[in-house]
Amino acid sequence: MLKRKLTVVLGILVLFSMVLSACAPAALPAAQPAAPAVEGEASWWRTAAQTAGCEGVTLRGISESTPPSRYAADVLAKAFEAETGIKIELEATSWDEMYTKAINDMQAATGIYDFVYIEQDIIYQYLANNYLTNLTQLLADNPELASPDFDFAKFTTFIDNFKDAEGNIYGVPMEAFLKVYLYRKDLFSDPAIQEAFKAQYGYDLAPATTHAQYRDIAEFFTQYGRDNGLDLWGTTVQGNTGHASSFYEFFESIAPTFGVYNWGINMDNWKATVENGGEMNSDKAKEALAFWVDMLNYAPPEATASTWDEVAASFAAGRAAQGWVYGENAAWIATDPDRSRVVGNVGVALPPVAEGVMEDAESGVGYIGYYDGGAFGLPVSSKNQLCTLLWLQYIGQESVQADWAIAGSRIVMESTYDDPKVQEVDAKVDGYYTLMKEAGPLFRGAPPFPFHAALREVVQPYIWKALSGELTPAEALDQAAAAADAELVNLGYGQ
Amino acid sequence: MRSNRMGWALLAPTLVILAVVGFLPFFYVLYVSLFDWNPFSNQLGMQWAGVNNFRRLVFDGAFLDSLWRTGLFAFTSVTIELALGFLLAQTLVNSFPGRTIFRTIYVLPLVMAPIAVGATWRLLTIPGFGPIPYYLDRWFGIDFRLATYADQAFITVILMDVWHWTPFVTLTLLAGLTAMPKEPLEQAQVDGANRWQVFRYLTIPMMMPVLLTVIFIRLMDALRIVDEVFMLTSGGPGTATQFIGIHIYRVVVPKTDYGYGSAMSLLVLYFTIVLCWLLFIALAQVGKQRE
Amino acid sequence: MADTKTDSQKLVAPVQHKGRRGFLPIETNTFDRYFISVILWIGVSLLWMRFLEAMIPLWVSTVLCLVLAIIIIRKG
Amino acid sequence: MKTSTLRKTFGWIGLYGLWIAMSIITIVPIYWMIVVSARSRVELFDAPTLLITSFYAPNYIKPLTDPVFQRYLVNSLIVATSNALLVTVLALLATYALSRWRLPGADNIFFWTITQRMAPPAAFVLPMFLIYTRIFKIGDWTMFDTQIGLILLYCVFNLPFAVWLMKGIMDGVPVELDEAAFVDGANRWTVLTRVVAPLVAPGLAITFILSWIFAWNEYLFAANLTSVNARTITTGLAAFVSVTGTNWGEMAAVATVAILPALIFLVFVQRYIVTGLTFGAVKE
C-alpha cells in the first residue's frame, strides 16, 4: 500500500521533472521574439556589429528593477537585437542584490556581466578599484565602432558624476532624477483649509520654504486628518529603521537643507567629528536630525517601516499632505490612476531650506537636495567589450530618450526636455521636468567617497536608533561621528 | 561483508559532494579570515592579518551584542516551541474525530519558504494596512509599531519563529510518542502514579533521544536564522533584531569586509559546533544508558 | 509500517559513539580527543586575547594548550 | 461517575477549543496573504478587513503570464525534484554502507556531515561564487547560473539530514534479511533495491519530502549563484519589491503561487511525515 503510493508519487514527480527539463531549454528562445531581418541596406549598427564580430553574441547585464531598467530590458534590448543580432539579457533585481552580485563579479573578475548598473553614489568605489572600462578611451581606440548618433556632449551635466579626474567617462547615464518636495495641491488650495490654517498660524498656507513652515503644515494636516477621521498625515518620512534608505534621506536630503554637506565629513582630512574638523555631529546636523525625527510625529504610522518605495506608495495612497519623494515616482503618482489616488493633485516644489543654504547652492558650495541616478558601465572583466560598447551607445542615442523618459520619469539629455511628448507629461506632473531642468544644478549627488558603502554601514545603525527613539538625535550623531572616525582610520583614510 | 571497499564505494558519492561543495568553501573562508580584505579600503587586495581579525572580534561590541541577542532568541523560541510542541503532540497521540484535518492544517507553515514567511508576517504587521496593528489598536488600545519599538519587534520575531517551526517540533515529538512502548505507562498507572509522576519519571526519560534530537535541529537552525527576519524587520529597529546571521550578512555583503566577516562567521560556527557537539555527546550518552 | 506499532519498538539515540574511557567524563575515541583539544585551544586563545593578552603574549596560551592537548590525546 | 463524565466533556471542549484556535492561528497569516494578493495597489491602504471584497486579477495574471516568471517556476521544480531524488538515493547508499560495514571513523562522519549545515550562510556566498565561477568550469561553461550547481549545493544542506534520518531506520532492518537473500543467490545490488529499500520506504519518503521542501524554499544561495537562466521562484519574490511603491499585491500573489506546489505535495504525503520524522530514534 505504502509502497505503491510512494511509487506513484515518485513516478509523477520524476516524469514531471523530466518533462520540464525537456521543456526548459526550448522555453528560453521562445521567450524572446526572433530577430526580424533588417530590410533594405544594412544599418550602421548591423555593419558595426559585423565589424566587431558580435553577431550572435549574448550580452549579460544587471540592474535594479526600476521602470527605466525594465524599459531598457523590454523595449531597447529587443530593438537592439533586431538591429544588430546581439542578444541582451538584462537581469533586473532588487537594489541590495544587484550590488552584491555586481561587486562579486567585478571583484572576482569572473566576467559574468558585460554591463552593470552604476548608481551615482557607488561610482567612486568602482573607480578606486579599477572595476570599470574607460569608455572615452575605448571609443577613441575603436573609431570604426563610434556611432555618429552618440556623443557624450549631448548628456546633461549629470554625466560629470561618471568622470574620473582626467575627464574620462566610465558610464552612459540611463536614469537621473531629483528628490523633490511633493505636496497635495487639492489640500493646499482648499479655501476652507487655507482659512483654518491662516487662523491658526497667522500666515498663508503655501508650499513650505523654511523648516518651521514645513513643521507647521505637517502639524496642521495631521490634526486635520485626526479631526476629520481621515487617513491623512502631515508628511512622509523615509524612516525605515533597518534599511539604508533612512540613512540616505537624512544625509542626502535633510542634512543639506540645514547646511550640512557631504555627510558632514571633512574631505581634507577624512574626519567626521567636530573635534577633528568634521561636521557630522555639529549643532546644525543635530538640529537637522532633531527636526527630521520630530517629523515622525506627523507622519503615517508606516513611516518607520518605509523605504523609498513605501514613501512613494504612502504619498500615492493619499496618506500624506507633503513630503520628500524621489522624482522617478513623480510621473506615476501624478498620472496613473491604477496605482495612485492623488492623480492630478500633485504639486512639485523645491524643498524647504535653512538660511544661507540657497546661497551656498547657487554658488556651488552646497546643495539643497539629492540628484540621483545611474548609468550603465562596462566592467573591465567583461569578455565582450566591443559588443557592449555598441549597446551602450545604442541606449545613449537621442532618438530613444523621449519614450524612455515617459516610461521612467528620467532625463539624461538636454534635448529630451524639449521633446513634445515629454512636455505633455510635464504639464501633468506640475512641471517636474521643468523644475529638473532649471533647478537641477542646485541639487547634487552623493559625495565622491570611495568608501561609500563601508562607511554607510557603520553610521546607519545610529540613525536607526535615533528614529526608533533608542537614542536622542544628539547622542546618535555624537556616537555616529565617533564610529565614522574610527572606521575611516580602519579603512586607511585620515590616519 | 569482510571487504570494506564496497562500503566505502557506497559512501563515496556522499563524501565527495560534501567535500567539494561543503569543505572546500570552508577552507576558503578559513584562509580569507586571516587577511584584511575590503575592496573599499585604501589598500587594495588582500593584506596578511594573521589572527588580528579575531583579536578585533573579541572586543567588537556590536558583534558580541548580536551574538548575545541571537542566543537569547534561539533559547527563547526553542523553549517555547518545545513546550508548546510537547503539549500539542500529547493531544494528538490519541485518535479523535477531525484529528487528520487539524494535523494537515497545522503542518502548513512547515512548507513555506522562510522568505515567504517573513513576507507574510510583514504583511500582517505592516502599519497602515496590516490587521495586527489595526486590531490591537482598536480592541486593546495598544500602539503596535514593529519598526519603532524594539521589544515589540523582538517578540514578533519570536512569535513568527514559533509559528513557523512548532509544527515541526510537534510532529517529531508525536512520532516519538506514538512509538513509545505502552506497558510501562500502564504499569505505572496500575501502581497508582499520578499524571505528573508518569510524565516526569517515564515519558520524559523515554522521550529523551527524540527531545535531544529536536533541540539539536532547532537550535542549529535558529542560530543561523536570516531570511525571515530580514524580510520582516531587516534587523531593525536599530539593531534590536539584528541576529548574527544578519550581522554577518551586513559585514560581508554591503560592507564587503570579506576578511573580518569570514572571521566572524568562523567564530559563530565555532560556537554552534561546540553547542551542538555537547548535545550530540548527550544524545550518545542517553543511547548508552539505554543499552 | 511504523504506524503499526509493536511492543518491541523502543526509542533509542539515533547515533552511536564508541570509544575508551580516560580521565575525561565521557567515552572518547582518538578523533574526539583531537577535537576536544582543538576546541579548547580556540576557546582559550579567544579568552586570552580578550582578557590576558595585554599582560601575557598569546604564544603562552598556545604552549599551554599544546601541553594540555598532549595530555588529553594520551590519557583522555 | 458524574464528575468523570463532566471532566470528559470539558476535556473534549478543551481539546477541540485548542485545536480550532491552533488552526485559526495557523491559517490567518496565510489567509491574509491571499487577501492582500487579491487587492489592487490603491485598495491596499483601506481599513484592514479580513474579507475578500474584490479580486484584482492582474496581481496573478501579470507574473503568471510572464515568461521569465514561468522559467523561475520550472527551474524551482527541476532543482527541488532533482535534488530530492539525488539526496534520497545517496542517503540510501550511504546509510546502507554505514550500517552494514564497520568503517573506521564512521562514528565521526555523522557529526561532521551535520556541521556543514551549521555555518552562517552569508560568509559562504563569496567562496561558493568563486568556486562555481573559477574552479568548476569547462571552457566557457561554469557552474554559475546552472541548475546542476544549485542541485549539488543543496546536497550540502540536505544530505546530512538525510543520513541522520535514514541511519536509524536502516539499522532497524535486520542483517539476517540480507544474509537470507545472499543465500538465495542475490547480489549486493539486488539486496539493496529489492530487500532493503522497500523496508525503509517511509524513511525514503520523508527524506524526499524534507529535501524537496528545503530546496524549493532556499533563498540566499539561489539568489547569489544564479543570474538569468537558473533563478528559482523564491528569488523571484525579491524582484517584485520594486522601486515604484513596493508591489505588495503582486508579491503576495507570487508568494501564494510559490507555496501552492509545496502545499499540494504536502497534503498528498503528509501521513508519512509523522511516521518518518523520528530521525531514527524509533527502533524495532
Side-chain angles (χ1 to χ4, degrees), chain A residues 96-97 99-100 103-104 106-107 122 124-126 128-131 231 239-244 246 270 296 300-307 310 313-314 317 319 449-458 460-471 483 487-488 490-495, chain B residues 36-47 52-53 56 60-62 65-66 122-123 125-130 133-134 137 143-153 229-242 246-247 249-258 260-261:
Chain A
D96 316 65
E97 201 185 310
Y99 277 128
T100 319
I103 291 174
N104 275 353
M106 294 189 289
Q107 177 63 31
I122 203 93
Y124 310 101
Q125 286 188 336
Y126 288 5
N129 278 276
N130 301 318
Y131 285 165
D231 277 337
N240 191 309
T241 47
H243 192 270
S246 50
W270 303 117
L296 283 176
E302 67 266 28
T304 46
S306 291
T307 67
E310 287 91 350
S314 289
R319 291 166 69 82
F449 295 152
F451 44 74
H452 180 97
L455 189 66
R456 179 197 71 215
E457 286 299 315
V458 170
Q460 65 187 8
Y462 301 101
I463 304 296
W464 297 338
K465 286 180 181 170
L467 283 166
S468 71
E470 200 178 323
L471 296 174
E487 182 63 22
L488 282 169
N490 191 20
L491 288 169
Y493 295 91
Q495 304 288 357
Chain B
D36 260 338
W37 186 20
N38 186 344
F40 299 133
S41 76
N42 209 4
Q43 293 178 314
L44 301 178
M46 296 166 83
Q47 312 284 331
N52 273 341
N53 282 327
R56 262 173 71 200
D60 184 339
D65 280 353
S66 175
R122 180 113 196 249
L123 290 174
T125 55
I126 194 164
F129 66 86
Y134 181 78
D137 181 44
D143 181 21
F144 183 85
R145 270 185 283 163
L146 195 60
T148 304
Y149 303 117
D151 43 353
Q152 287 180 354
V229 183
F230 202 79
M231 202 72 182
L232 181 65
T233 65
S234 33
T239 51
T241 54
Q242 185 156 314
I246 298 179
H247 189 77
Y249 174 83
R250 286 196 187 282
V251 171
V252 181
V253 179
K255 207 180 161 201
T256 61
D257 206 340
Y258 300 131
Y260 195 53

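These numbers come from a predicted model, not from an experiment. In what follows, chains are A, B, ... by sequence order, proteins preceding strands, each numbered from 1.
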CG-CG distance between A/N490 and B/N42, expressed to the nearest 0.5 angstrom: 11.5 Å

Identify which part of A/Y99 has an atom lying under 4.5 Å from any heavy atom of chain B, answering side chain, backbone, both or neither. neither

Need one label for A/Y131: side chain, backbone, both or neither, based on atoms under 4.5 Å from any heavy atom in chain B. side chain

Rounded distance [0.5 Å steps], OG1 in B/T256 versus CD in A/Q107: 8.0 Å

To the nearest 0.5 Å, what is the distance between CD1 on B/I126 and OG on A/S306? 7.5 Å

Under 4.5 Å heavy-atom distance to chain A, tell me which part of B/Y260 shows up: side chain, backbone, both or neither. neither

Could you tell me whether the side chain of B/F40 reaches within less than 4.5 Å of the side chain of A/N129, counting heavy atoms only? yes

Could you tell me which non-hydrogen atom of A/A305 sits nearest to which non-hydrogen atom of B/R122, and how far apart they are? O-NH2, 3.3 Å

Pick one of side chain, backbone, both or neither for B/Y258, based on which atoms fall under 4.5 Å of a heavy atom in chain A. side chain

Got a second to check how far B/T148's OG1 is from A/E302's CD, nearest 0.5 Å? 11.0 Å

When only pairs under 4.5 Å are counted, which of B/A153, B/G235, B/G238, B/G130 shares the most heavy-atom pairs with chain A? B/G238

In terms of heavy-atom proximity below 4.5 Å to chain B, should A/P300 be classed as side chain, backbone, both, or neither? neither

What part of B/T239 lies closer than 4.5 angstrom to a heavy atom of chain A: side chain, backbone, both or neither? both

I'd like to know if the side chain of A/T241 and the backbone of B/A147 have a donor-acceptor N/O pair within less than 3.5 Å. yes

Atom group of B/R250 that falls short of 4.5 Å from chain A, counting heavy atoms: both

Side chains of A/E457 and B/V251: does their closest heavy-atom pair fall under 4.5 Å? no

